[in-house]
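As the structure is a computational prediction, the values presented were derived from the model and not from experiment. These values consider heavy atoms only, across backbone and side chains, with no hydrogens, waters or symmetry-generated copies.
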Amino acid sequence: MRRQRTVARKQTVEGIALHGGDRVVAHIHPAPVDFGVQFEVDGVLIPSRPAHVIDTQLATTLGMNGARVRMVEHFLATMYGLEIDNVRVVLEGTELPVLDGCAAAWCEHIEQMGTTEQPRNVKQLVVEKTVEVRDGDRWARLEPAETTELDVTIDFEHPSVGRQQLSLSVSPQ
């Protein structure tokens, strides 16, 4: 069982909103134990929880009490992969900066900020049996494992995308 973690210091990240094209700013702050990853937009805190997903068209959008934040998936993947459990992101705008288009630039920012261990264990989801969900020819399956491993395939008719497959083990390294 590992301890919860947060970023060691505040950092401001600026960039362009992929969908809106505007200049956006994200102020990343350390957060207390059990805070989770939350986005603050116009004074409204939006927890990164499934209940707050309001749209998934071309990006994941979280919303609450009229406030919304778009393009959270790369940042959230970074937080998960780097095992950062508690962070508050104050936004100037309603979309996270696209940066390099993946998680690498977010990893660099977090490395510059450093991380700190917190005095409480992480609450972990334990998959005890295989679970599969299907929707036509699309499906997802979770299987019990000691580590987080992904095997992902996409298959689009468009020649720019086509069929792509990736297998990896997720760790802070």
Side-chain angles (χ1 to χ4, degrees), residues 1-8 18 26 28-41 45-64 68-89 95-96 98-111 113-157 161-173:
M1 180 69 66
R2 72 172 181 82
R3 297 282 189 178
Q4 292 182 30
R5 291 176 30 173
T6 189
V7 293
L18 177 66
I28 304 167
H29 298 263
V33 168
D34 293 333
F35 186 83
V37 178
Q38 296 193 45
F39 300 93
E40 185 175 328
V41 180
L45 273 176
I46 307 170
S48 58
R49 302 234 180 256
H52 298 290
V53 174
I54 60 173
D55 189 14
T56 57
Q57 184 76 21
L58 301 177
T60 302
T61 303
L62 301 175
M64 188 169 164
R68 56 190 298 139
V69 56
R70 190 170 191 196
M71 279 294 292
V72 298
E73 56 270 32
H74 298 170
F75 183 80
L76 292 175
T78 303
M79 296 300 98
Y80 180 81
L82 295 177
E83 297 180 341
I84 297 179
D85 309 289
N86 303 304
V87 67
R88 181 171 60 100
V89 181
E95 187 173 325
L96 285 166
V98 67
L99 302 179
D100 64 349
C102 65
W106 286 116
C107 288
E108 291 172 14
H109 285 290
I110 299 303
E111 185 176 311
M113 298 169 74
T115 62
T116 186
E117 190 174 90
Q118 297 177 296
R120 188 160 304 148
N121 288 341
V122 172
K123 297 174 187 170
Q124 294 181 308
L125 172 69
V126 176
V127 178
E128 295 180 339
K129 64 180 184 175
T130 300
V131 178
E132 185 172 291
V133 177
R134 290 189 172 270
D135 181 14
D137 61 350
R138 300 175 295 181
W139 58 273
R141 179 174 47 236
L142 291 174
E143 298 175 351
E146 293 297 317
T147 60
T148 301
E149 298 177 13
L150 300 174
D151 186 0
V152 182
T153 303
I154 60 172
D155 192 0
F156 290 96
E157 292 181 15
V161 179
R163 181 179 175 85
Q164 300 178 34
Q165 192 271 334
L166 174 68
S167 294
L168 60 99
S169 292
V170 179
S171 74
Q173 293 73 31

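Looking at heavy atoms from C-beta onward, Ser48 lies out of side-chain contact with Val72 at the 4.5 angstrom threshold. Looking at heavy atoms from C-beta onward, Leu45 lies out of side-chain contact with Phe39 at the 4.5 angstrom threshold. In this structure, the side chains of Leu82 and Thr115 stay at 4.5 Å or more apart for every pair of heavy atoms. Residues His109 and Leu99 form a side-chain contact, since some pair of their non-hydrogen atoms from C-beta on lies under 4.5 Å apart. Between His29 and Val87, the closest side-chain pair of non-hydrogen atoms is not below 4.5 Å. Side-chain atoms of Thr130 and Pro144, non-hydrogen and from C-beta on, do get closer than 4.5 Å to each other. Leu76 places none of its side-chain heavy atoms less than 4.5 Å from the side chain of Trp106. Side-chain contact between His74 and Leu18 is absent, with no heavy-atom pair separated by less than 4.5 Å.
Using a distance-only test at 3.5 Å, with no hydrogens or angles considered, no donor-acceptor pair links the side chain of Asp85 to the main chain of Gly36. A donor-acceptor pair under 3.5 Å is absent between the side-chain atoms of Thr60 and the main chain of Thr56, judged by distance alone. Side-chain N or O atoms of Asp100 include one that pairs as donor or acceptor with a backbone N or O of Ala105 at under 3.5 Å.
Between the side chains of Gln165 and Asp151, at least one donor N or O sits under 3.5 Å from an acceptor N or O.
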Trace of the side-chain contact (heavy atoms from CB on, under 4.5 Å) decision for Gln38 with Asn86: CA-CA 8 Å; Gln38 296 193 45; Asn86 303 304; over 6 Å; no

Working for side-chain contact (heavy atoms from CB on, under 4.5 Å), residues Val170 and Leu150: CA-CA 8 Å; Val170 179; Leu150 300 174; 4.0 Å; yes

Evaluation steps, side-chain contact (heavy atoms from CB on, under 4.5 Å), between Val7 and Ile84: CA-CA 7 Å; Val7 293; Ile84 297 179; 4.2 Å; yes

side-chain contact (heavy atoms from CB on, under 4.5 Å) evaluation trace for Phe35 with Thr6: CA-CA 10 Å; Phe35 186 83; Thr6 189; over 6 Å; no

Test log, rule salt bridge (Lys or Arg N to Asp or Glu O under 4.0 Å), inputs Asp155 and Arg138: CA-CA 10 Å; Asp155 192 0; Arg138 300 175 295 181; over 6 Å; no

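Other residues, nucleotides and ligands place more than 12 heavy atoms under 6.0 Å from the CZ atom of Arg3. Heavy atoms from other residues, nucleotides or ligands lying under 6.0 Å from CZ of Arg2 number more than 12. Taking a 6.0 Å sphere around CD of Glu157, one finds it holds 12 or fewer heavy atoms contributed by other residues, nucleotides or ligands.
From Met71, atom CE reaches atom CG of Leu58 across 10.0 Å, with rounding to the nearest 0.5 Å. The distance from atom CD of Glu117 to atom CD of Glu83, rounded to the nearest 0.5 Å, is 10.5 Å.
Contact detail for Val89 and Ala26: the closest heavy-atom pair is CG1-CB, 3.9 Å.
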Please tabulate, for side-chain N and O atoms in residues 119-129, each donor-acceptor pair with protein atoms closer than 3.5 Å (sequence neighbours left out).
unit_1 : atom_1 : unit_2 : atom_2 : d
Arg120 : NH1    : Asp34  : OD2    : 2.4

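For Arg68, the side-chain hydrogen bond (donor to acceptor under 3.5 Å, both in side chains) criterion is met by no residue, not counting sequence neighbours.
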